[in-house]
Colleague: 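The structure is given below, and queries will be raised subsequently.
In what follows, every chain begins at residue 1, and chains take the letters A, B, ... in the order their sequences are listed.
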Number of protein chains: 2
Amino acid sequence: MATSRDVARLAGVSQSTVSYVMSGRRSISAETRRRVEEAMATLRFQPNAGARALASRRSQVVGLMVPFGPGADTAGVLPFIESIAKCARAEEHNVLLVTEDEGAEAVERLAGRAQCDALVLMDVGAADSRIAVAAALDLPVILIGVPDDPAHLPCVDVDFDRAGQLAVDELAACGHRRIVQLGYVRPSVERDVNYVRRFDRGARAAARRHGIPYTQVIPEDAGNAAVEAALEEALAPDDAGNLGLVVPEGRLTSAVLTGLADRGLTPGRDVSVIAICTDEAAETTQPPVTNVSLEPREVSRRAMHTLFRLLADRHEPTGIDLVQPHLTRRRTTLPHPH
Amino acid sequence: MATSRDVARLAGVSQSTVSYVMSGRRSISAETRRRVEEAMATLRFQPNAGARALASRRSQVVGLMVPFGPGADTAGVLPFIESIAKCARAEEHNVLLVTEDEGAEAVERLAGRAQCDALVLMDVGAADSRIAVAAALDLPVILIGVPDDPAHLPCVDVDFDRAGQLAVDELAACGHRRIVQLGYVRPSVERDVNYVRRFDRGARAAARRHGIPYTQVIPEDAGNAAVEAALEEALAPDDAGNLGLVVPEGRLTSAVLTGLADRGLTPGRDVSVIAICTDEAAETTQPPVTNVSLEPREVSRRAMHTLFRLLADRHEPTGIDLVQPHLTRRRTTLPHPH
DNA sequence: CTGAAAGCGCTAACAT
DNA sequence: ATGTTAGCGCTTTCAG
């Protein structure tokens, strides 16, 4: 591969001029610029990333730590990754992928070796061991999810309090006298992530306000049998006609809908079902499920926006940035009584 | 961050000795090694990645180009990403994520700037513009998927020919006299990926061998309405009792199962359904669907294995490496008649 | 077995 | 507006 020295020689200028043409950090005469750019083009020059990183102390890389493995929502994380990658590219950055199971030491590795300029930590737990490490770093870090103690690190997440409230308000408006939350599954509960509690809190508060009993059924896992058992339990009181179901984990939705259909219960007529999932996912269930939206793309967008501001200048106010979810009525909820 | 010079000073050795302690490329006395390692530990030394890349001409990074955006299977790509990331880590490499829509120029960028030592291209199309570019690079590249002309690049994929055959053989064995393939959806067909053709070829050949009529219904997209329409078409001849359905796109499975249930048709009793999807996905449909497995983890594992062999400079024979799928009978296929 | 020294290909002062 | 030069922090000769 050609180097900037080769370009300089061909253009008949000094090597630093080539560098300045690239960075635009000082004025260059039109003629010089033309010759340099021409030389670059004929040599198909591309600056060496390692050399640039070494000299500039900037890798132009954002580290992204994603949840993987069992417990992680297989479909749910992809929109995040995609949006984050696109935002990064828009700012001339690349994304280095790290899996969450590498834990805090991976965070130290990326930062210590200067492999990235900034970090995005997805899926942060209530008490996440990565946070203390990340907070001690002198590079921008953003959390997706809200831990108990963010240690002054900026966080972005969906407003799960509000999501719970929206779901319950709608079920109440549909006339239901009993609300059951089916999920989160036990592994999610035990992973100790704050959105589980926040959702629960928002939903319960709303139910109390409406004077409607609110119970929660926790499937042992996301498998079919467990969801079936949970559904059975939710339906046990047998006044199904009054039942409003909240399904906070999107991946359980189709199992729930199928389970209801198997029992001759038609969502939207006999019971109501509200799922917490992306609009995208809601539109592909059968029938399309009324949902409170998770907004992975918006969350990612805001996270990256904040991150790049921090990367540009270091004194932004950092706090908790909550994305407002919205409810979309589809086919699985009863019409409102007049 | 401490540098190797700091370590050298503290250990009372030369900087190059520190480097050799890290690389193990020459013998070091036990005492020297001990002192260096102690100094590294007390300074919490981590080698600077940019400097290392510049000097060694090795970034220790694998570039991974993933399909994103509409058209891509939202859930299907994650296991690939995960497995690839883990394999990379096992060999002390990181993964740099690039989205497919950046196309061939992203390939040139990564290679030209020496941002990675090797490349994995996922989801390669029959005539993929990235291939010519990638083949001209002087770094190892592996394709996941098989193009018409691999240009001597090694490929790994599931044996879709065989997958089609397995599905049809099983439906024949179940006694079906009519087989309909529901899918791929039109965008997939038009994206011109070879696995669509290969699957079709394998399935058709098997059907011909069994003397069973084989037709294909192509939904306009992966949405519910389109799948419904396709199902209606598939069921039109109305001798549903004899119908065996093949669903080559896993994401359509639950819509198909729900659609059948809505018509009072019970898979495994009235009709048979075989999906092409991961075993994981097959176990979470309701009822669990008989499937021919896609093996994303095994495909990834083999791809990375080959890639690291190539990186280690062994001039391996490179060709097309097909992973054999296997069929698992679950609840959606009829029992074999005796 | 170890040290000194020459780069790797850039960026960014410091000069004019 | 441009050239000269000193690094950035490593790897890897070359010398002993």
Side-chain angles (χ1 to χ4, degrees), chain A residues 1-37 39-40 43-61 92 109-117 138-139, chain B residues 1-37 39-40 43-61 92 109-117 138-139:
Chain A
M1 192 32 108
T3 72
S4 61
R5 265 186 67 165
D6 300 330
V7 173
R9 196 154 29 218
L10 182 57
V13 299
S14 79
Q15 183 271 322
S16 68
T17 296
V18 175
S19 179
Y20 284 117
V21 167
M22 289 194 278
S23 69
R25 292 172 89 91
R26 77 181 184 192
S27 44
I28 303 278
S29 74
E31 170 58 10
T32 300
R33 151 162 291 124
R34 198 195 54 69
R35 294 224 313 279
V36 170
E37 279 167 351
M40 283 175 156
L43 295 178
R44 320 204 79 226
F45 169 75
Q46 308 217 199
N48 180 289
R52 178 172 270 187
L54 179 57
S56 66
R57 295 150 169 288
R58 286 260 178 174
S59 59
Q60 301 286 106
V61 166
E92 320 255 57
R109 195 185 69 228
L110 288 192
R113 303 187 164 207
Q115 286 182 127
C116 61
D117 301 331
D138 66 342
L139 46 80
Chain B
M1 192 33 107
T3 71
S4 61
R5 264 186 68 163
D6 301 329
V7 173
R9 195 153 31 215
L10 182 58
V13 299
S14 77
Q15 184 271 323
S16 67
T17 296
V18 174
S19 179
Y20 283 117
V21 166
M22 289 193 280
S23 69
R25 294 173 89 89
R26 77 182 183 192
S27 44
I28 304 277
S29 74
E31 170 58 10
T32 300
R33 152 163 287 125
R34 199 193 55 69
R35 296 224 311 280
V36 169
E37 279 167 351
M40 283 175 156
L43 295 177
R44 320 203 79 228
F45 169 75
Q46 308 216 200
N48 180 289
R52 179 171 270 187
L54 179 56
S56 67
R57 296 149 167 285
R58 286 260 178 174
S59 59
Q60 302 286 106
V61 165
E92 321 256 57
R109 197 185 67 228
L110 288 192
R113 302 186 166 210
Q115 286 181 128
C116 62
D117 301 330
D138 65 345
L139 45 80

Colleague: Please report, rounded to the nearest Å, how far the C1' atom of D:dG9 is from the CG atom of B:Asn48.
Modeller: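 These atoms are roughly 6 Å apart.
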
Colleague: When rounded to the nearest 0.5 angstrom, what is the spacing between CZ in A:Arg26 and OH in A:Tyr20?
Modeller: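 Here the rounded value is 4.5 Å.
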
Colleague: Does the pair B:Arg58 and B:Arg52 meet the rule for a side-chain contact (heavy atoms from CB on, under 4.5 Å), with working shown?
Modeller: CA-CA 7 Å; B:Arg58 286 260 178 174; B:Arg52 179 171 270 187; over 6 Å; no

Colleague: When all nucleic acid strands are considered with a 4.0 Å heavy-atom cut-off, which category describes A:Thr3: base, sugar-phosphate, or nothing?
Modeller: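 Sugar-phosphate contact only - A:Thr3 comes under 4.0 Å of backbone atoms but never of a base.
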
Colleague: With a 4.0 Å cut-off on heavy atoms, is A:Thr32 in touch with a base, just the backbone sugar-phosphate, or nothing at all?
Modeller: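 Answer is sugar-phosphate: A:Thr32 comes under 4.0 Å of backbone atoms only.
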
Colleague: D:dA1 C1' sits how many Å from A:Ile28 CD1, rounded?
Modeller: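 Those two atoms, CD1 and C1', are 7 Å apart.
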
Colleague: B:Glu37 pairs by salt bridge (charged side-chain N to carboxylate O under 4.0 Å, His left out) with which of B:Arg34, B:Arg33, B:Arg35?
Modeller: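 The salt bridge (charged side-chain N to carboxylate O under 4.0 Å, His left out) with B:Glu37 is passed solely by B:Arg33 among B:Arg34, B:Arg33, B:Arg35.
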
Colleague: B:Ser16 or A:Ser14: which one's nearest nucleotide on DNA chain D is closer to the 5' end?
Modeller: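 First, find each residue's nearest nucleotide; the 5'-ward one identifies A:Ser14.
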
Colleague: Between C1' on D:dC8 and CD on B:Gln15, what's the gap in Å once rounded to a whole number?
Modeller: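 Going from CD in B:Gln15 over to C1' in D:dC8 covers 12 Å.
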
Colleague: Could a donor-acceptor pair under 3.5 angstrom be found where the side chain of B:Arg26 meets the base of C:dT2?
Modeller: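 Answer yes: a donor N or O sits under 3.5 Å from an acceptor.
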
Colleague: Expressed as a whole number of angstroms, how long is the span from A:Leu54:CG to D:dG9:P?
Modeller: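 Computing the A:Leu54:CG to D:dG9:P distance gives 7 Å.
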
Colleague: Could you tell me the separation between the CE atom of A:Met40 and the P atom of C:dC10, rounded to a whole number of Å?
Modeller: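 The answer, rounded to whole Å, is 9 Å.
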
Colleague: Considering just the side-chain nitrogens and oxygens of A:Ser27, establish if one lies under 4.0 Å of OP1 or OP2 belonging to D:dA1.
Modeller: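 Yes, such a contact exists.
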
Colleague: Can you work out whether B:Ala30 or B:Ser56 has the more 5'-proximal nearest nucleotide on DNA chain C?
Modeller: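 Closer to the 5' end of DNA chain C: B:Ala30.
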
Colleague: Does B:Thr17 make a side-chain N or O approach to OP1 or OP2 of C:dT2 shorter than 4.0 Å?
Modeller: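 Indeed not, no polar side-chain atom of B:Thr17 lies that close.
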
Colleague: Over how many whole Å does the gap from B:Asp6 atom CG to D:dC8 atom P extend?
Modeller: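 Distance, rounded to whole Å: 11 Å.
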
Colleague: Report yes if some heavy atom in the side chain of B:Thr3 is under 4.5 Å from a heavy atom in the side chain of B:Asp6; otherwise report no.
Modeller: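 In short, these two side chains touch, coming nearer than 4.5 Å.
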
Colleague: For B:Ser19, answer base if it contacts any base atom (sugar-phosphate contacts may also be present), sugar-phosphate if it contacts only those atoms, and nothing otherwise; contact means non-hydrogen atoms under 4.0 Å.
Modeller: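 The residue B:Ser19 makes base contact.
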
Colleague: Look at all strands and tell whether B:Val13 reaches a base, only sugar-phosphate, or nothing, counting heavy atoms closer than 4.0 Å.
Modeller: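 Sugar-phosphate only.
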
Colleague: Ignoring hydrogens and angles, answer whether the base of C:dA4 and the side-chain atoms of B:Tyr20 contain a donor-acceptor pair closer than 3.5 Å.
Modeller: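 Counting by modelled atom types and ignoring angles, no donor-acceptor contact under 3.5 Å is found here.
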
Colleague: Rounded off to whole Å, could you give me the CZ-to-P distance for the B:Arg35 and C:dG3 pair?
Modeller: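 Distance, rounded to whole Å: 8 Å.
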
Colleague: Hey, is the side chain of B:Arg5 poking within less than 4.0 Å of OP1 or OP2 on D:dC10, counting only N and O atoms?
Modeller: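 For D:dC10, neither OP1 nor OP2 has a side-chain N or O of B:Arg5 closer than 4.0 Å.
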
Colleague: Could you state the CG-P distance from A:Leu43 to C:dC10, rounded to the nearest angstrom?
Modeller: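 Taking CG of A:Leu43 and P of C:dC10, I get 12 Å after rounding.
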
Colleague: For D:dC8, does either OP1 or OP2 sit under 4.0 Å from a side-chain N or O belonging to A:Arg57?
Modeller: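 For D:dC8, OP1/OP2 do not have a side-chain N/O of A:Arg57 under 4.0 Å.
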
Colleague: Rounded to the nearest 0.5 Å, how far apart are CZ of A:Arg44 and CE of A:Met1?
Modeller: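 Output value for this atom pair is 7.5 Å.
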
